[in-house]
Amino acid sequence: MAWTPIPKPRAVREATNLVDYARTRAGFSWTAERAALSGLPGGGLNIAYEAVDRHVSEHGDRVALRWVDRHDVAHDYTYAELAERANRFAGLLRRLGVAPGERVFTLLGRVPELYVAVLGALKAGCVVSPLFSAFGPEPVRQRLRIGEASVLVTAPQLYRRKVAAIRDSVPALRHVLVTGDEDGPGTLALAPALAAEAPSFDIEPTAPEDPALLHFTSGTTGTPKGAVHVHEAVLAHYVTAKYALDLHPGDVFWCTADPGWVTGMSYGVIAPLTHGLTLVSDEGDFDARRWYSVLAAQRVSVWYTAPTALRMLMRQGADLARQYDLSALRFVASVGEPLNPEAVVWGQDALGLPVHDNWWQTETGAIMISNFAGEEVRPGSMGLPLPGIDACVVLRGEDGRALVRHGEVTPLTDPGAEGELALRRGWPSMFRGYWRDPARYAKSFAGEWYLTGDIARRDADGYYWFVGRADDVIKSAGHLVGPFEVESALMAHPAVAEAGVIGKPDPVAGELVKAFVTLHEGYPPGEALELELLAFGRKALGAVAPKEIEFRQSLPHTRSGKVLRRLLKARELGLPEGDVSTLEGAS
Ligand code: AMP
C-alpha cells in the first residue's frame, strides 16, 4: 500500500530551523556552523563546556535537567548547578589520579549522577563509555575489558548484581564509584566524595580531535566494537538537533532512549544542552499512562522516541493519548529501527502530529537522514540527508555487502535501486576508530565512502527507504544485538554444542532474539532444558538474552564452517532458501 505524504502548512514550514532544505544544503558548511559553538576560553574544544558551562554566565539559572523520579516528583537542576556538580566530579577524578584519555564507564539508569558523571568525566578529559544498565554481567564484563575501563560509575545494587563477581577479570578497573552515601566493599560512595571536592574546575584543554566518547556496538562476528568519537562531534550534535529535531530556545525536550546507548548520550544528554534548553529525564520504566503524564505535566515540546515505544502506545489506543493535555507538543521524532507507516499516521491521529522518522547509527554519532519539521513526511521513509551529509546507495556483491573493486564502490543512481547505504566520510561526529582495532575500522570504508551495513533505496525525490541489514545483527526493541555475543554466552552452558542466533520478526519489538541450539550427547532436548537455557541466557546477558530457544539435530554451515544464520532465518520465515545456502556469512 502506498501511503500519502503528509504535507506541512506554510506557517509550520516557515517557523522551522530549516525553511528551505535545498538552499540550506547548497550553502551549508561545517566551518560556518562552527561559529555557533564557543570553544574553550583558553583554546581547544570540550563537549561538556559546549553543553553546559558556556550557558552559565547568561543563563545559569535556567533549568538544564528536569529529572522525574520513580515517584513522579520532578527535580530541577539549573545550568549553574549542573556545571558545579560536574566540576566536583571532574575534581574527584583528578584527585584519584585518573588521567585524561582514561576510560570512565557508566552503568546507570536515568539518574542525576549519570549526567554529572558524563559531563564531569568529559571536563577531566576522560573518555566516557556508557553501558546499558539492563545488560547482564557478561556484556558488562566484555565491554569493560575491551575498553580497558579505569573507572566505573554505577549504583550499589547494579554493582552487586552485575559487577562484583566479574570485577577480578577487569584488571584495569581501579575505581568503582557508586551513587548514594555509603561506601561498599571495593566501592567509593559518590555523595560524600563529591561534597568534599571544590565547586570549580579548570577544564582539561581538550583538542577537537581528542577522544571523548566510546560507544560499544555489535557486528555479525567477534566481540563488541568500541566506536571512538571525538570532542568535535559536538558540532554535529548541535547542528543535527537544530535541523532534524528543530530545537528552539525555550523548548522542553524529552529523549526516551536509554543513556547506555548512543541515542541516549548524543540526544539524551549532549545535544539539547548545547542548545541551552531544558531536557527532561524520566527515571521510570515505560508505561503508557506514565509517558503521557510526563509529556503533559512537563509541557514537553519536542519528543524523540522509538518505534517499539510508539507501537506499545498504539496498542493502548489513540483515545488514551487524547485524555492528556499534549498541547505543548510541537514536534515528534523517532529513531533506531524501522518506523512502520501506520505509526507515522497514528501520531497524526493520536498526538495531532505525524512522527518524523530519522536514521543514524553508533558509528555516525549523530542523525544523518531525517524527515524534517518543515518538509512533507513520507510515511515509511527515513527522510532526506541532513545538510552537510552526502549519502548514496552502492552496488552490492554476492556476500550482500557493498562490492568494493580497487578500493572503490559503485553508487547506484536509478531511483528505487537497492544497495548498501553509504555516507561520504568527513562529518564531525564520524567515528574515528574502533577501539584498538584499526583493521576493522579500515574495512568500514571504501574510498570516500563509509559503508553503513544497512540496505536502502532512494526514491526519485531523494528520500531514503530502509530495506534491511546487510549483515546478521539483530534489532530488538531498538537494541542492537550481536548474534555472536549471544551464541558465545549460550555455548558456555555444558549442554550446548553449537548455537545459531537470529532476529525473529515481532509486531511490537521489531525482532526477538531467537536461538537455534544443538546439544552434546547425554543432554536430551525438552521443555526443562529449554527453560534452563533461557534462564541461563538471561542471567548472563540480561535484556539482550534470547527469548526463544529451538533445539535442532544440526545447524547449517557456510563452506568455511560458520553457522549460516541467514538460512536459519529464511527457514524460520518460510522464505525460499534460494542462494542463501551457498553464501558465506557476511561479517
Ligand atoms: P545503533 O548503532 O545501535 O544505533 O543501531 C543502528 C542501526 O539501527 C542502523 O544501522 C539501522 O540498521 C537501525 N536503524 C536506525 N534508525 C533506523 C531507522 N530510522 N529505520 C530503520 N532502521 C534504523
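Remember, it's 1-based here, ligands and their atoms both numbered in the order they're listed.
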Tabulated below should be the N or O atoms of ligand 1 paired with protein N or O atoms at under 3.5 Å; can you produce that?
from	atom 1	to	atom 2	distance (Å)
ligand 1	2 (O)	Thr362	N	2.8
ligand 1	2 (O)	Thr362	OG1	2.5
ligand 1	5 (O)	Lys475	NZ	2.9
ligand 1	8 (O)	Gly336	O	3.3
ligand 1	8 (O)	Lys475	NZ	3.0
ligand 1	10 (O)	Gln361	NE2	2.8
ligand 1	10 (O)	Asp454	OD1	3.1
ligand 1	10 (O)	Asp454	OD2	3.0
ligand 1	10 (O)	Arg469	NH1	2.9
ligand 1	12 (O)	Asp454	OD1	2.9
ligand 1	12 (O)	Asp454	OD2	3.1
ligand 1	14 (N)	Gly336	O	3.4
ligand 1	16 (N)	Gly336	N	3.2
ligand 1	19 (N)	Asp357	OD1	2.9
ligand 1	19 (N)	Asp357	OD2	3.3
ligand 1	19 (N)	Asn358	O	2.7
ligand 1	20 (N)	Glu337	O	3.4

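- The nearest pair of heavy atoms linking Thr24 to Pro387 is CG2-CG, 4.2 Å.
- Of all heavy-atom pairs between Glu511 and Ser476, the closest is O-OG, 2.7 Å.
- Within the structure, side chain to side chain donor-acceptor pair (under 3.5 Å) contacts touching residues 369-378 (residues at least two apart or in different chains) are Glu376-Arg378, Arg378-Asp459, Arg378-Asp461.
- Classification of Glu572 and Lys569 as a salt-bridged pair fails, no side-chain N sitting under 4.0 Å from a carboxylate O.
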Using residues 261-273 as the side-chain source, report each donor-acceptor pair under 3.5 Å to any protein atom, sequence neighbours left out, with the distance given to one decimal.
from	atom 1	to	atom 2	distance (Å)
Ser266	OG	His237	NE2	3.3
Ser266	OG	Val262	O	3.4
Ser266	OG	Gly365	O	3.1
Tyr267	OH	Thr240	OG1	2.6
Tyr267	OH	Ile367	N	2.9

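- The side chain to side chain donor-acceptor pair (under 3.5 Å) check on Ser281 picks up Tyr115, with sequence neighbours excluded.
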